[in-house]
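Since the structure comes first, as structure tokens, the remarks are kept for the end.
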Amino acid sequence: MGRNTGWAGALGVRLFTFLLLPAFAAGSSGRTESDLTNLVLQDCGSCHGMTLKGGLGPPLRPENLERLPAEAIAAIIREGVPDTAMPPWKPLLTPEEIDWISRQLKAGTLVSPQ
Ligand code: HEC
């Protein structure tokens, strides 16, 4: 009896791990936060300026984004702005990555303050 319970318990733990792992892997693109920081400074920076102070696109410093909640910023990044140079990023970035970028833009953590 004791042995049987132990065996069933061990199998239960294994099944649990097996079922959980794919859930964690799903939706992750494998990009690290440092990959995303480089993407924002280089790809977004090609239009918004390497220090996000503006160029072809408007500046993306926290003081420039005060009127936009993080969710509105995420929607702009996801869908782009029609009839402007701002492209939609949803084919390239996961929703989690877009949310992370929006929060960093609001907080100003990707560039040094000046
Ligand atoms: C090809 C040029 C280009 C690239 C690349 C680009 N943007 Fe833009 N973006 C624009 C332009 C132009 C606008 C202004 C659209 C308008 O007139 O409303 C804009 C607007 C925005 C806005 C709204 C700003 C505001 O104050 O209304 C956000 C936020 C934004 N971009 C974030 C990003 C992020 C994040 C990336 C990279 C993932 C990115 N953009 C890449 C051109 C670009």
Side-chain angles (χ1 to χ4, degrees):
M1 247 326 198
R3 242 181 237 161
N4 274 348
T5 315
W7 178 84
L11 182 68
V13 167
R14 253 171 243 161
L15 267 181
F16 184 69
T17 315
F18 175 77
L19 290 173
L20 262 187
L21 280 180
F24 276 119
S28 139
S29 65
R31 287 193 194 96
T32 64
E33 290 186 354
S34 122
D35 293 338
L36 284 179
T37 302
N38 286 335
L39 180 139
V40 170
L41 297 183
Q42 285 166 28
D43 293 52
C44 314
S46 67
C47 284
H48 291 278
M50 286 294 283
T51 54
L52 304 182
K53 284 183 173 172
L56 171 65
L60 299 180
R61 299 283 190 138
E63 61 269 26
N64 310 115
L65 299 173
E66 268 165 14
R67 73 188 194 289
L68 296 171
E71 179 41 46
I73 296 173
I76 292 171
I77 299 173
R78 225 169 23 238
E79 308 296 336
V81 182
D83 300 321
T84 75
M86 176 64 187
W89 289 87
K90 62 183 172 190
L92 298 168
L93 298 168
T94 67
E96 291 78 15
E97 290 170 338
I98 290 175
D99 286 346
W100 184 84
I101 292 171
S102 310
R103 288 196 309 272
Q104 307 313 309
L105 289 177
K106 279 299 269 184
T109 50
L110 301 177
V111 286
S112 52
Q114 258 155 36

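- Each of Ile76, Leu105, Leu52 was compared with Leu65 under the side chain to side chain contact (heavy atoms under 4.5 Å, CB included) criterion, and only Leu105 meets it.
- Each of Val111 and Met50 belongs to its own hydrophobic cluster when Ile, Leu, Val, Met, Phe, Trp and Tyr are linked at side-chain heavy-atom distances under 4.5 angstrom.
- With values rounded to the nearest 0.5 angstrom, Asn38 atom CG is found 8.0 Å from Thr32 atom OG1.
- The CG atom of Leu36 sits 11.0 Å away from atom CG of Leu41, with the distance rounded to the nearest 0.5 Å.
- Grouping the Ile, Leu, Val, Met, Phe, Trp and Tyr side chains by contacts below 4.5 angstrom, directly or via other members, places Leu56 apart from Met86.
- No side-chain donor-acceptor contact under 3.5 Å links Arg61 to the backbone of Gly54.
- Within the model, atoms OG1 of Thr37 and CD of Gln104 stand 7.0 Å from one another, a figure rounded to the nearest 0.5 Å.
- Among pairs with a residue in residues 35-49, none fulfils salt bridge (charged side-chain N to carboxylate O under 4.0 Å, His left out), at least two apart in sequence or across chains.
- Side-chain contact between Trp100 and Thr94 is absent, with no heavy atoms from C-beta onward closer than 4.5 Å.
- For residues 80-90, the pairs satisfying side chain to side chain donor-acceptor pair (under 3.5 Å) are Glu79-Lys90, with sequence neighbours left out.
- Note that the CD1 atom of Ile101 and the OG1 atom of Thr109 stand 10.5 Å from one another [nearest 0.5 Å].
- A salt bridge does not link Glu71 with Lys106: every distance from a Lys NZ or Arg NE/NH1/NH2 to an Asp or Glu carboxylate oxygen is 4.0 Å or more.
- Considering all non-hydrogen atoms of both residues, Arg78 and Ile98 come closest at CG-CD1, 3.8 Å.
- Residues Ala107 and Pro62 approach most closely at C-CG, 3.9 Å, considering heavy atoms.
- Proximity of Arg31 to Leu93: side-chain heavy atoms (C-beta onward) are separated by under 4.5 Å at one or more points.
- No donor-acceptor pair closer than 3.5 Å links the side chain of His48 to the backbone N or O of Lys53.
- Taking every heavy atom of both residues into account, Ser102 and Ala70 meet most closely at CB-O, 3.6 Å.
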